[in-house]
Q: 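Could you have a look at this structure, given as structure tokens, before my questions?
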Amino acid sequence: MFHTFYKPLITANGLLSLNISHSKQVTDYGITVVVRRSTSLTSLNISSCTSITDVGLREVGINCNNLQELKISSCHEIDGTGLVAIAEKCRYLIKLDVSKCRKLDNWSIKKIFYECKLIEEVNLSYISKISDDEVRVLAQNCPNLVTFQAVECPCISDESIQAIAMNCTDICL
């Protein structure tokens, strides 16, 4: 009887969406096993998975070229080298949440904004070193931006707001 009501979504390439946020014991190994079997993954939420590093994030980029949504908020072991693989391979990225990633290097954020031109939603909140330079790169390369969050980013000034206003006509600040 249960089988007639429940039909799991099975794809040839595994999962389409994975939310394991706050799973503090999931490591690079666990995420690697999943993404190597789920090459059609379009949405990944590993927020607050504090045991996942750039090694795991690199595997996501290499294996999941159709990724559209990435949430890595509060992943304190990610410094940005894994984001380079995301930037180079995941050109369909639309939503990005890197808020509270305190080790994240600015160059990796710029790389994402240079390469992933379809981005519509970005959350950079609580990253104190984010500056006008990163926001300018975002505004110039991602004209489809509709949502921008940068709460508690003390290095952002009027210059950032002007760049977004001039380049992203559909923005909701």
Side-chain angles (χ1 to χ4, degrees), residues 16-19 21-22 31 35 41-50 52-173:
L16 295 175
S17 178
L18 178 63
N19 183 344
S21 61
H22 300 280
I31 199 72
V35 299
L41 196 69
T42 59
S43 177
L44 177 63
N45 185 346
I46 56 172
S47 296
S48 297
C49 290
T50 54
I52 294 177
T53 69
D54 286 286
V55 172
L57 197 56
R58 181 178 178 275
E59 287 291 331
V60 172
I62 290 170
N63 293 287
C64 302
N65 297 350
N66 295 318
L67 195 66
Q68 296 175 9
E69 181 176 353
L70 178 63
K71 294 182 180 182
I72 60 170
S73 177
S74 298
C75 287
H76 301 302
E77 296 305 314
I78 293 176
D79 65 21
T81 54
L83 277 180
V84 172
I86 300 289
E88 292 174 349
K89 301 288 186 174
C90 302
R91 300 300 172 96
Y92 302 110
L93 195 65
I94 294 171
K95 297 179 182 180
L96 177 66
D97 182 352
V98 294
S99 60
K100 299 179 185 176
C101 289
R102 59 180 174 232
K103 285 187 178 179
L104 207 56
D105 288 323
N106 293 23
W107 64 268
S108 61
I109 295 289
K110 284 185 194 177
K111 179 76 171 172
I112 283 270
F113 297 156
Y114 275 121
E115 303 293 337
C116 300
K117 298 182 184 297
L118 300 177
I119 290 179
E120 295 177 0
E121 297 181 22
V122 172
N123 189 346
L124 302 173
S125 298
Y126 306 103
I127 304 176
S128 60
K129 54 188 167 182
I130 292 296
S131 70
D132 290 333
D133 196 34
E134 290 76 36
V135 178
R136 181 186 45 76
V137 172
L138 169 66
Q140 290 174 345
N141 291 286
C142 303
N144 299 327
L145 191 68
V146 293
T147 303
F148 175 71
Q149 297 179 49
V151 177
E152 297 280 330
C153 292
C155 297
I156 292 178
S157 72
D158 287 346
E159 184 181 327
S160 291
I161 304 307
Q162 289 172 341
I164 290 173
M166 290 177 65
N167 294 286
C168 308
T169 56
D170 296 328
I171 192 70
C172 298
L173 293 173

Q: Mind checking what makes side chain to side chain contact (heavy atoms under 4.5 Å, CB included) contact with K89, not counting sequence neighbours?
A: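 K89 satisfies side chain to side chain contact (heavy atoms under 4.5 Å, CB included) with N65 only.
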
Q: Using side-chain heavy atoms (C-beta onward) and a distance below 4.5 Å, is N63 in contact with L41?
A: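 Counting from C-beta outward, N63 and L41 never come under 4.5 Å.
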
Q: Which pair of non-hydrogen atoms, one from K100 and one from H76, has the smallest distance, and what is that distance?
A: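 For K100 and H76, the tightest heavy-atom pair comes out as O-CE1, 3.2 Å.
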
Q: Test side chain to side chain contact (heavy atoms under 4.5 Å, CB included) on L57 and L70 and set out the steps.
A: CA-CA 10 Å; L57 197 56; L70 178 63; 4.2 Å; yes

Q: Under 3.5 Å, is there a donor on one side chain and an acceptor on the other for S21 and S48?
A: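 There is no such pair between these side chains.
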
Q: Hey, is the main chain of S99 close enough, under 3.5 Å, to the side chain of S73 for a donor-acceptor pair?
A: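 Yes, because the side chain of S73 sits within donor-acceptor range (under 3.5 Å) of the backbone of S99.
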
Q: Without swapping roles, check the side chain of E59 against the backbone of G56 for a donor-acceptor pair under 3.5 Å.
A: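 Pair absent, no side-chain N/O of E59 close to backbone of G56.
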
Q: Could you walk me through whether I31 and L18 pass the side chain to side chain contact (heavy atoms under 4.5 Å, CB included) check?
A: CA-CA 10 Å; I31 199 72; L18 178 63; 4.2 Å; yes

Q: Tell me whether the count of non-hydrogen atoms from other residues, nucleotides or ligands lying under 6.0 Å of CZ in R102 goes above 12.
A: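 Atom CZ in R102 is not crowded, with 12 or fewer foreign heavy atoms closer than 6.0 Å.
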
Q: Got a list of side-chain donor-acceptor pairs under 3.5 Å for residues 151-158, not counting sequence neighbours?
A:
from	atom 1	to	atom 2	distance (Å)
S157	OG	D132	OD1	3.4
S157	OG	D132	OD2	2.5
S157	OG	E159	N	3.2

Q: Table please: side-chain donor-acceptor pairs of residues 79-88 below 3.5 Å, with sequence neighbours left out.
A:
from	atom 1	to	atom 2	distance (Å)
D79	OD1	T81	N	3.1
D79	OD1	T81	OG1	3.3

Q: Evaluate E69 against D97 for side chain to side chain contact (heavy atoms under 4.5 Å, CB included), listing each step before the verdict.
A: CA-CA 8 Å; E69 181 176 353; D97 182 352; over 6 Å; no

Q: Examine distances only and state if a side-chain atom of N106 and a backbone atom of E134 form a donor-acceptor pair shorter than 3.5 Å.
A: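 Side chain of N106 to backbone of E134, a donor-acceptor pair under 3.5 Å: no, none is there.
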
Q: Side-chain donor-acceptor pair under 3.5 Å between S125 and N123, yes or no?
A: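 There is such a pair (donor and acceptor under 3.5 Å, judged by atom type) between the side chains of S125 and N123.
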
Q: Is the shortest heavy-atom distance from the side chain of I112 to the side chain of V122 under 4.5 Å?
A: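 Not touching, per the 4.5 Å side-chain cut-off.
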
Q: Where do S74 and T50 come nearest, in terms of heavy atoms and distance?
A: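 Looking at all heavy atoms of both residues, the closest pair is O-CG2, 4.0 Å.
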
Q: Would you compute the distance between atom CZ of F148 and atom CD1 of I161 and round it to the nearest 0.5 angstrom?
A: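 One gets 6.5 Å once the value is rounded to the nearest 0.5 Å.
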
Q: Would a 4.5 Å heavy-atom cut-off, applied to side chains only, mark C75 and I52 as touching?
A: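 With C-beta onward as the side chain, the pair stays apart.
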
Q: Is any side-chain heavy atom of I46 less than 4.5 Å from a side-chain heavy atom of V60?
A: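 No. Closest side-chain heavy atoms not under 4.5 Å.
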
Q: Is I119 close to L145 at the side-chain level, that is, under 4.5 Å between some pair of heavy atoms?
A: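 When only atoms from C-beta onward are counted, I119 and L145 do touch, with a gap below 4.5 Å.
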
Q: Would K95 and E120 pass as an ion pair if we require N to O under 4.0 Å?
A: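 Salt bridge between K95 and E120, a charged N being under 4.0 Å from a carboxylate O: no.
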
